[in-house]
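Presented below is the structure to which this report refers.
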Amino acid sequence: MSAASERAEHDVDPAMAKELERLLGPRGSGVRHRAVAAPEPAGDPEPELAQTPASSGEYQALFADLRREVEEAEARPTFRLKTRPTVQRRLLAGLVFLALLATSAGLLPRQDMAAYPLPLLAATVLSLGALFTIVLLAALRPAYLPALPPGRSRALTGLAVAATCVVAVVPALAGEGLHPEHAGFLFHSIPCLVFGLLGAAPVYAAVRLVDRDGGHLLGAVAAGLAAGAILEVHCPLAGVAHRGFGHVAVLGLLLAGAFAIDRLRVRA
């Protein structure tokens, strides 16, 4: 052994040497490693384990309630629709809107279809359809995404109302469409109001059937936009009063109903 090694050995702290000897074994024993038991936690863990919810009646009751809720959800007729992939749910609601639009254009077209400017009709219908798609994507979000913030829902609602008003007024300001000769716009507006509500009802029902969040506002907005597009290919009248009461009012009534339902849910 060299002089440097002897000097280093003599300089080792006796307490440290004893601890190393306890962990590694005595010198010359050939033991390099020894399993050291982990220190015992303070206190006896047995009482804590005995008080965990897994072994208590409260845990069993919570598990039973959760299982009952799952079974009730699975027993609902709409469970399979709500649990479909997001693309399929969106496609289902979109197809309902397209089917109603095609039915209105094919079976109940506007009387001035031959004379009405096709670019104007296409622009109004495509604008409402594009906004309907945006609202539908926001209403039927994937399950892994959080709920849409209330501010965005209100912004989409305001945009939908503004677009519906613009689409209703532009043809009248452009002088396109037929102008009723009878006095009183209610005589012509009420049928359009009823027709728009009848067109909006299946769209709203389709959105609610596949909606996982249970929100009524965006479903009503989507249904109102769909009703506006359906009325565009059906109603030839261009009066501002008629289109305001017979077309825009459809979205207004749907929004009023959605707000009323949300209020009732909050109170319940």
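Predicted model, so just to flag it, every value in this text is computed and none were measured.
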Check: [Y] and [X] side chains under 4.5 Å, non-hydrogen atoms:
X	Y	answer
Leu121	Met113	yes
Val233	Pro109	no
Leu209	Leu92	no
Val170	Thr124	no
His247	Cys165	no
Val248	Val161	no
Ile230	Phe195	yes
Glu232	Val167	yes

Give the minimum heavy-atom separation between [X] and [Y], together with the two atoms involved.
X	Y	result
Arg90	Pro142	NH2-CD, 3.7 Å
Ala227	Gly196	CB-O, 3.4 Å
Pro202	Gly199	CD-O, 3.4 Å
Ala206	Ala93	CB-CA, 4.3 Å
Leu108	His234	O-ND1, 3.0 Å
Arg141	Ala147	NE-C, 4.2 Å

Is there a donor-acceptor pair closer than 3.5 Å between any side-chain N or O of [X] and the backbone N or O of [Y]?
X	Y	value
Lys82	Arg212	no
Arg89	Val210	yes
Thr164	Ala160	yes

Can you tell me how far [atom2] of [Y] sits from [atom1] of [X], rounded to the nearest 0.5 angstrom?
X	Y	atom1	atom2	answer
Leu193	His242	CG	NE2	10.0 Å
Arg243	Cys192	CZ	SG	8.5 Å
Thr157	Leu217	OG1	CG	4.0 Å
Leu159	Leu131	CG	CG	5.0 Å
Leu81	Asp211	CG	CG	12.0 Å
Phe259	Leu254	CZ	CG	12.0 Å

[X] with [Y], same ILVMFWY side-chain cluster at under 4.5 Å:
X	Y	result
Val221	Leu98	yes
Leu140	Tyr204	no
Ile261	Val207	no
Phe97	Leu198	yes
Ile190	Leu231	yes

Could you walk me through whether Leu148 and Leu156 satisfy the side chain to side chain contact (heavy atoms under 4.5 Å, CB included) test, starting with their C-alpha distance in whole Å, then the side-chain angles of each, then the deciding distance to 0.1 Å, before giving a yes or no? CA-CA 11 Å; Leu148 195 69; Leu156 285 176; 4.2 Å; yes

Look at atom CD of Gln88 and say whether more than 12 heavy atoms of other residues, nucleotides or ligands are closer to it than 6.0 Å.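 More than 12 within 6.0 Å, yes.
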
Passing candidate, side-chain contact (heavy atoms from CB on, under 4.5 Å) with Phe132, options Leu101, Leu137, Val203: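 Only one option passes, and that is Val203.
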
